[in-house]
Protein chains: 2
Amino acid sequence: MARKSGSHAEITGPRVRAAALRLFARQGYAAVSMRSLAAEVGVQAGALYAYTPDKQSLLFDLLKAHMDELLAAWAEAPKGADPLARLEAFTRFHIRFNLERADAVFISYMELRNLEPANFRAIEALRGSYEAELEAILQAGQDEGVFAVPDTKLATLALIAMLTGVTTWYREGGRLSRSDVGQIYWDMVRKAVGA
Amino acid sequence: MARKSGSHAEITGPRVRAAALRLFARQGYAAVSMRSLAAEVGVQAGALYAYTPDKQSLLFDLLKAHMDELLAAWAEAPKGADPLARLEAFTRFHIRFNLERADAVFISYMELRNLEPANFRAIEALRGSYEAELEAILQAGQDEGVFAVPDTKLATLALIAMLTGVTTWYREGGRLSRSDVGQIYWDMVRKAVGA
DNA sequence: GTCTATATGACGATAGAC
DNA sequence: GTCTATCGTCATATAGAC
């Protein structure tokens, strides 16, 4: 069979990451072999090692990049002045961002246990930073008397679980648009915090 | 079932299922080998095949048993008369039941993609039955005018995601008792549905 | 029912050709 | 950068002894 040759680093690198994201989300990290990943990209298995030192690094890099992008996107998002406006901004931001990256979101909470300890700690720290953003909003609203949240830590975890859950059932072209979903969830979030 | 000299079926069978539940939850179905499962039980790998025809059946049986027990437990739970009382009963039941079976709950959400298609459909049908229980409560409350839930289907999914999320962070002996958690979440659920 | 031993194949990762 | 080929290990599952 004829050999292929030539350099394709500029296109193959992103293709490896995109294929890994898709396959890890669909089948799980442990169930995806380097051979099947290579087949998805259209190269032989050995060629993947020009782009990652090993399989574990590939998983970690995907999760790290996702969390970095999440934090950066929230840092740049318009947020409003008062706690109520900030909570609405966070709600709509979280749903919109996560729906745009369903595969990465799925992996970020399904494959944590497949990270080596040091990698796990790094991702957990980034997740904690993101949760702290929501908790600060809830705490500010509580301090100002506009929210009624008896336990801001629990409320943070409860709301993020509720909002992230959208990615498990939302399907493009279904009954509701993303904006419809954002509106309905914002209604529930606002009521849940007593605003 | 006749006992054989030297047999331990009565204790080994449950031990296999318990070990599989624990290991699948901690490491993931694909990452657990029959060898490591056997080691956890204290037998050789070949002996496991006296209790399951294959690894896939082991996973399916665990998930099926969990869903059956969930539905049976809810069917027998005290529920109250009006929608508000029923919603409170559901909230506290769901948290309590899931915290008692954190491993099974974890697997039920994480390993669905590792089920063969027919097995997947069976588990999804059971999950749908459980969700329908909550949706019926929300619909009844909406019809009677005691809830303000614009979309009962979305509210069902949102509330279950929120409540199930407890299993991802709750640790025995932490700051809050199970009953504390139930109270705090019920407060949020009640507000979220506008009651 | 559990053991030892094994059939059969896939796994992650590397070496060297081009 | 990608190929072919391969190393050493591990996987699921089965066979036959006791």
Side-chain angles (χ1 to χ4, degrees), chain A residues 1-21 23-24 26-63 107 111 113-119, chain B residues 1-21 23-24 26-63 107 111 113-119:
Chain A
M1 131 179 184
R3 281 184 78 259
K4 297 179 186 174
S5 65
S7 298
H8 304 290
E10 320 76 40
I11 46 178
T12 304
R15 277 171 54 78
V16 168
R17 286 189 289 277
L21 195 66
L23 290 186
F24 288 169
R26 276 215 319 247
Q27 307 171 26
Y29 171 76
V32 175
S33 68
M34 295 298 271
R35 283 170 172 79
S36 68
L37 173 58
E40 183 85 359
V41 176
V43 298
Q44 292 299 316
L48 296 177
Y49 291 87
Y51 301 96
T52 181
D54 50 35
K55 193 182 171 189
Q56 168 75 198
S57 299
L58 194 49
L59 175 62
F60 176 69
D61 290 347
L62 289 174
L63 296 191
I107 294 175
E111 302 298 354
R113 63 186 168 188
N114 284 311
L115 289 174
E116 291 166 2
N119 290 340
Chain B
M1 344 186 168
R3 293 184 190 211
K4 290 182 183 175
S5 144
S7 76
H8 302 100
E10 295 79 8
I11 46 177
T12 304
R15 278 171 52 77
V16 168
R17 286 188 289 277
L21 196 65
L23 290 185
F24 288 169
R26 279 217 316 250
Q27 307 170 27
Y29 171 78
V32 174
S33 69
M34 295 299 270
R35 280 172 171 79
S36 68
L37 174 57
E40 183 87 357
V41 176
V43 298
Q44 293 299 316
L48 296 177
Y49 292 88
Y51 301 97
T52 180
D54 51 33
K55 193 181 170 189
Q56 169 74 199
S57 299
L58 194 49
L59 175 62
F60 175 69
D61 289 347
L62 289 174
L63 296 190
I107 295 173
E111 303 298 353
R113 63 185 168 188
N114 285 311
L115 289 174
E116 291 165 2
N119 290 342

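By convention in this document, chain letters (A, B, ...) are assigned in the order of the sequence lines, proteins followed by strands, and residues within each chain are numbered from 1.
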In terms of heavy-atom contacts, A:Leu63 and A:Leu115 come closest through CD1-CD1, 3.7 Å

Rounded to the Å, how far apart are A:Lys55 NZ and C:dT14 P?
-> 15 Å

Atom CG of A:Asn114 to atom P of C:dG12: distance rounded to whole Å?
-> 12 Å

Give A:Val32 one of three labels, base, sugar-phosphate or nothing, depending on what nucleic acid heavy atoms sit under 4.0 Å from its own.
-> sugar-phosphate

Just compare D:dA13, C:dA13, C:dT2 and give me whichever is closest to any side-chain atom of A:Asp54.
-> C:dA13

If you pin A:Ser36 and A:Pro53 to their nearest nucleotides in DNA chain C, which one's is more 5'?
-> A:Ser36

Figure out the CG/P separation between B:Leu48 and D:dA11, and round it to whole Å.
-> 13 Å

Residue pairs passing the salt bridge (charged side-chain N to carboxylate O under 4.0 Å, His left out) test with at least one member in residues 37-54 of chain B, sequence neighbours excluded, are B:Arg22-B:Glu40

Is a side-chain donor or acceptor of B:Arg113 paired with a backbone partner of A:Arg26 at a separation under 3.5 angstrom?
-> no

Atom CD of B:Gln56 and atom CG of B:Asp61: how far apart are they, to the nearest 0.5 Å?
-> 9.5 Å

N/O contacts under 3.5 Å, protein versus nucleotides 3-10 of chain C?
residue: C:dC3; atom: OP2; partner: B:Gln44; partner atom: N; Å: 2.5

Just to confirm, is there a sub-4.0 Å distance from OP1 or OP2 of C:dT2 to any side-chain nitrogen or oxygen of B:Thr12?
-> yes

Roughly how many Å is it from CG in A:Leu59 to C1' in C:dG12, rounded to a whole number?
-> 15 Å

Distance in Å, B:Leu58 CG paired with B:Tyr49 OH, rounded so as to fall on 0.5 Å steps = 9.5 Å

Report yes if at least one side-chain N or O of B:Tyr51 is closer than 4.0 Å to OP1 or OP2 of C:dT2; otherwise report no.
-> yes

Does the pair A:Glu111 and A:Lys55 meet the rule for a salt bridge (charged side-chain N to carboxylate O under 4.0 Å, His left out), with working shown?
-> CA-CA 13 Å; A:Glu111 302 298 354; A:Lys55 193 182 171 189; over 6 Å; no

